[in-house]
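Read through the structure below, which is laid out as structure tokens, and then see the notes.
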Amino acid sequence: MKMKVQNQFRDEVITAVGNALAKMGFPDTQFITEVSDMADLAVPCFTMSKGLRMPPKDIAAKIAENIVPSGLITGVSALNGYINFTMDQNVLVEATLCDIIEKGDDYGTLPSKGKKVNVEHTSTNPTGPIHVGRARNPVIGDTLARCLKRCGYEVCTEYYVNDVGKQVVILTWGVTNIPKGSVQEEERDKTDHKLVAYYRKANKMMEEDPAVQEQIAEMLRKFEAGDKETISHVRKTAEVMLDGLKETLAGINVTLDRYTWESDFIADGSARAIVEKLKTSEYAGQADDGAWYLDLKAFGVQGKNTKFTFTRADGTTLYTTRDLAYHLNKFSRSDIVIDVLGEDQKLGSKQLCSALEILGCEKKPEPMFYSFVSLPEGKMSTRKGVVVYLDDLIDEAVSRAYDEIKSRRSDMSEEKMREVARQIGVGAIRYNIVRVSPEKQFVFKWEDALNFDGNSGPYLQYVYARTCSMLRKAGDFEPDYDPSKLTDEFEIKLVHSLSRFEAAIQVSGEQKRVNMLPAYGHEVAAAFNQFYAAVPVLAAGESRNSRLTLVECTRTVLRNVLSCLGMEAPEEM
RNA sequence: GGGCAGGUGGCCUAGUCUGGAUAUGGCAGCAGCCUCCUAAGCUGCAGGCCGGGGGUUCGAAUCCCCUCCUGCCCGCCA
């Protein structure tokens with residue numbers, strides 16, 4: 001495989017600087033290279049100052065003097081203690097464009113690593129519709145999964161369905177016992193919205209009526225005693241709720257490969273087996289009333305309580321115990337396990353890792369945390385009804401996009417406008433969510449979520465549509481990679497951006513910094529818009545085919561970026 | 001009380017892990033640009049004690065200590 005020109009350039013710079021230092025009488029001096037705005041590659045000389053007993057400025061000047069540009073290096077200069085190198089633009093232009101045209105949709109896809117990655121995300125309790133407070137989870141998880149696929153991993157996305165415990169039992173009790181007409185049915189015809197009304201009412205009734213409380217407690221007791229009928233009843237209710245959640249997720253282009261049910265780990269005895277194994281651990285202990293716990297003080301767990309309880313007094317398992325069984329299950333199917341979790345799970349995740357270690361599991365899940373989205377008036381709550389549902393956000397975004405299209409396009413069919421509006425509205429939402437680094441606190445504002453200008457999803461889609469439109473008008477053309485025809489500063493800048501796609505994918509996937517991807521997409525789109533405004537393409541004469549090649553390469557990269565972001569690529573808008 | 005995370009122009013945000021050149025980009029504001037490939041665009045202007053204080057360093061948004069503000073956690077809940 002041909003070495004990336006950037007890497008080759010870097011190697012040449014390192015060799016040149018090394019040789020210059022040797023010539024100056026300082027072989028084996030350590031130095032680094034860094035990318036910067038001032039040059040294609042720079043070598044800061046500050047660290048060498050002590051060893052060479054010279055001010056950095058003088059070192060830089062001296063080294064620069066001793067380097068004669070050759071190969072990919074076309075320029076060397078010293079400034080403020082840096083040696084700045086410029087790279088042969090012609091080689092970069094030709095190599096980048098050829099690479100993109102040749103690989104097409106596979107440009108930026110790395111060779112298979114032969115490793116399986118499991119990405120668990122979303123996993124919201126099936127007790128109500130997905131609200132914006134939790135919407136970061138599917139968007140981050142799905143984007144990460146898409147990036148990891150491009151990084152060469154075999155990826156499985158997975159939703160862990162919590163069909164065990166009080167919350168789902170309350171929901172099930174409500175759906176079963178509250179008469180149909182007595183709750184305010186939501187106008188939206190989706191199972192999750194229909195069912196949440198019963199959940200709210202059941203919670204309220206339980207608080208107010210001891211008899212209801214007793215019925216629910218009884219149901220919970222039966223559930224925990226392993227009563228098959230109750231368990232299956234609860235699971236069926238959760239399934240109905242989940243259907244609605246799946247619909248919402250599909251609405252933002254999220255589909256998961258696998259759904260794993262918590263109750264299965266009780267049914268197949270694996271949670272039980274974990275309990276038995278943990279009991280034999282040196283860290284295990286038993287409370288006076290019989291509850292088992294691990295003392296995790298030795299694992300760096302801090303706070304007023306370092307105990308991690310894994311059975312109740314009556315011996316039944318807890319959520320955390322089942323989660324341990326679930327993680328062992330995931331590790332049996334994957335090399336790397338990633339959990340996308342809300343920040344409230346931080347301690348739990350740490351305890352889980354310690355417990356896995358005690359169980360002798362060498363691998364640990366890699367958690368990825370995000371802060372909850374709140375409203376300007378405070379945090380969201382399904383039970384209190386202080387909430388913006390993701391479905392409502394989608395509807396609003398799509399409707400806004402529709403108005404925009406309608407106001408600027410008279411030639412598009414109604415059906416087409418609806419479809420494009422959906423693509424744009426959904427794109428705006430996904431982009432707006434991933435562009436912010438996950439651990440940052442996020443206050444939901446309609447004006448930001450529905451922003452279609454500047455650093456937004458539609459901005460990328462708009463540029464994509466532009467490239468499509470130009471190529472449509474151009475018709476067939478012969479690709480031209482001749483770098484001597486692409487010399488405008490905006491053309492060069494655009495090629496530079498395009499050449500960085502692989503690096504952007506790696507940072508987003510490998511380092512799990514998914515917010516780097518929208519930033520990269522924006523950089524490419526902005527570079528294209530500048531090029532578009534400054535340079536004619538269709539009427540370019542001599543350079544027409546070269547510029548069309550550049551447009552096609554931009555289209556390809558943008559389509560790949562959009563696909564990683566889970567956004568659609570409208571050919572017109 | 002303890003722990004974890006965040007604090008960067010009016011608002012949102014990159015950079016912090018791995019210290020270096022004039023701190024990234026956007027929104028809102030102001031001024032320009034459609035007889036030409038989609039103006040969801042482009043150009044320019046204005047706007048910053050990088051929460052505060054100490055320290056380390058030739059050099060700190062970045063590392064260390066202290067402190068303030070915000071969020072989250074410290075269940076025999078899930």
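Quick caveat: nothing in here was measured; it's all calculated off a predicted structure. Proteins get letters first, then strands, A, B, ... in listed order; numbering begins at 1 in each.
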Pairing residues for E568(A) by the side-chain hydrogen bond (donor to acceptor under 3.5 Å, both in side chains) criterion, not counting sequence neighbours:
N253(A), R422(A)
For residues 521-539 of chain A, which side-chain donor-acceptor pairs fall under 3.5 Å, sequence neighbours excluded?
from, atom 1, to, atom 2, distance (Å)
E523(A), OE2, S497(A), OG, 2.8
E523(A), OE2, R500(A), NH2, 2.7
N529(A), OD1, R466(A), NH1, 2.6
N529(A), ND2, Y459(A), OH, 3.2
Q530(A), OE1, K493(A), NZ, 2.6

For V535(A), answer base if it contacts any base atom (sugar-phosphate contacts may also be present), sugar-phosphate if it contacts only those atoms, and nothing otherwise; contact means non-hydrogen atoms under 4.0 Å.
base
Hey, what do you get for CD (E224(A)) to CD1 (I231(A)), rounding to the nearest 0.5 Å?
9.5 Å
Taking any heavy-atom pair under 4.0 Å as a contact, classify Q345(A): base, sugar-phosphate, or nothing.
base
Per the atom types in the model, does the base of C76(B) pair as donor or acceptor with the side chain of D289(A) at under 3.5 Å?
yes
Scanning all shown strands, the Watson-Crick or wobble mate of C42(B) with both distances under 3.5 Å is G32(B)
Which listed nucleotide (A78(B), G25(B), C73(B)) is nearest to the side chain of D344(A)?
C73(B)
Looking at RNA chain B, which of residues 158-174 of chain A put a heavy atom within less than 4.0 Å of it?
N162(A), V164(A), G165(A)
With respect to the side chain of M38(A), which nucleotide from U22(B), C42(B), C74(B) is positioned closest?
U22(B)
Of all residues at least two apart in sequence or in a different chain, which pass the side chain to side chain contact (heavy atoms under 4.5 Å, CB included) check with S270(A)?
F265(A), D268(A), A325(A)
Selected nucleotide, minimal atom distance to K473(A) side chain, candidates C37(B), G41(B), C76(B)
C37(B)
Which residues share a side chain to side chain contact (heavy atoms under 4.5 Å, CB included) with D264(A), sequence neighbours left out:
R235(A), W261(A)
Do L144(A) and I338(A) touch side chain to side chain, with heavy atoms closer than 4.5 Å?
yes
Identify whether any heavy atom of M573(A) sits under 4.0 Å from a base atom; if not, whether one sits that close to sugar-phosphate; answer base, sugar-phosphate or nothing.
base
Could you work out which one of G26(B), C76(B), C42(B) sits closest to the side chain of R312(A)?
C76(B)
Between A23(B) and A61(B) - C1' atom distance, rounded Å:
8 Å
Flag the pair L278(A) / L324(A) as yes when at least one side-chain heavy-atom distance between them is below 4.5 Å, and no otherwise.
yes
Check whether the side chain of N84(A) and the base of A21(B) form a donor-acceptor pair under 3.5 Å.
yes
Considering only heavy atoms from C-beta outward, does the side chain of Y160(A) approach that of R322(A) to under 4.5 Å?
yes
Would you classify A533(A) as touching base, sugar-phosphate or nothing, given that sugar-phosphate means primed atoms plus P, OP1 and OP2, and contacts are heavy atoms under 4.0 Å?
sugar-phosphate
Need one value for R547(A): base, sugar-phosphate or nothing, where a base atom within 4.0 Å counts as base even if backbone is also close, heavy atoms only.
nothing
Per N515(A) side chain, nearest of listed nucleotides A14(B), C17(B), A21(B):
A14(B)
Whole-angstrom distance between A60(B) and U8(B), as gauged at atom C1':
14 Å
As a test of reading the structure: which of C12(B), C42(B), G15(B) is closest to the side chain of Q530(A), going by heavy atoms?
C42(B)
Reckon S437(A) touches a base, only the sugar-phosphate, or nothing at all at heavy-atom distances under 4.0 Å?
sugar-phosphate
Under 4.0 Å, heavy atoms only, any strand: does F46(A) hit a base, just the sugar-phosphate, or nothing?
base
Remember a base hit wins even if backbone is also touched, and classify E572(A) as base, sugar-phosphate or nothing at under 4.0 Å, heavy atoms.
base
Taking side-chain hydrogen bond (donor to acceptor under 3.5 Å, both in side chains) as the test, write out the residues that go with R559(A), two or more places apart.
D105(A), Y464(A)
What nucleotide among G41(B), C76(B), C11(B) has an atom nearest to a side-chain atom of N529(A)?
G41(B)
With the side chain defined as heavy atoms from C-beta on, L347(A) is closest, among G25(B), C37(B), C73(B), to C73(B)
Quick one: label Y532(A) by what it contacts on the DNA or RNA (base, sugar-phosphate, nothing), any heavy atom closer than 4.0 Å.
base
Report, one pair per line, the protein and nucleotides 4-10 of chain B atoms (nitrogen or oxygen only) whose separation is under 3.5 Å.
from, atom 1, to, atom 2, distance (Å)
C4(B), O2', K346(A), NZ, 3.2
A5(B), O4', K346(A), NZ, 3.1
A5(B), O3', E439(A), OE1, 3.3
A5(B), O2', E439(A), OE1, 3.2
G7(B), OP1, K440(A), NZ, 3.0

The side chain of A42(A) is closest to which nucleotide in this list: G26(B), U43(B), A21(B)?
A21(B)
Those residues at least two apart in sequence (or on a different chain) that pass salt bridge (Lys or Arg N to Asp or Glu O under 4.0 Å) with E489(A) are none
Check every strand shown and say whether I424(A) touches a base, only sugar-phosphate, or nothing at a heavy-atom separation below 4.0 Å.
base
Can you give the donor-acceptor pairs under 3.5 Å from side chains of residues 438-453 of chain A to other protein atoms, not counting sequence neighbours?
from, atom 1, to, atom 2, distance (Å)
N451(A), OD1, D453(A), N, 3.0
N451(A), ND2, D453(A), O, 3.1

Please confirm whether the shortest side-chain N or O distance from Q511(A) to OP1 or OP2 of C17(B) is below 4.0 Å.
no
Taking only residues two or more places apart in sequence, or in another chain, which ones meet K330(A) in a side-chain hydrogen bond (donor to acceptor under 3.5 Å, both in side chains)?
E120(A), D339(A)
Using the side-chain hydrogen bond (donor to acceptor under 3.5 Å, both in side chains) criterion, which residues pair with Y293(A)? Sequence neighbours excluded.
none
What residues 536-545 of chain A contributes to the RNA chain B interface at heavy-atom separation below 4.0 Å is P536(A), V537(A), L538(A)
Sugar-phosphate, base or nothing in reach of A519(A), heavy atoms under 4.0 Å
nothing
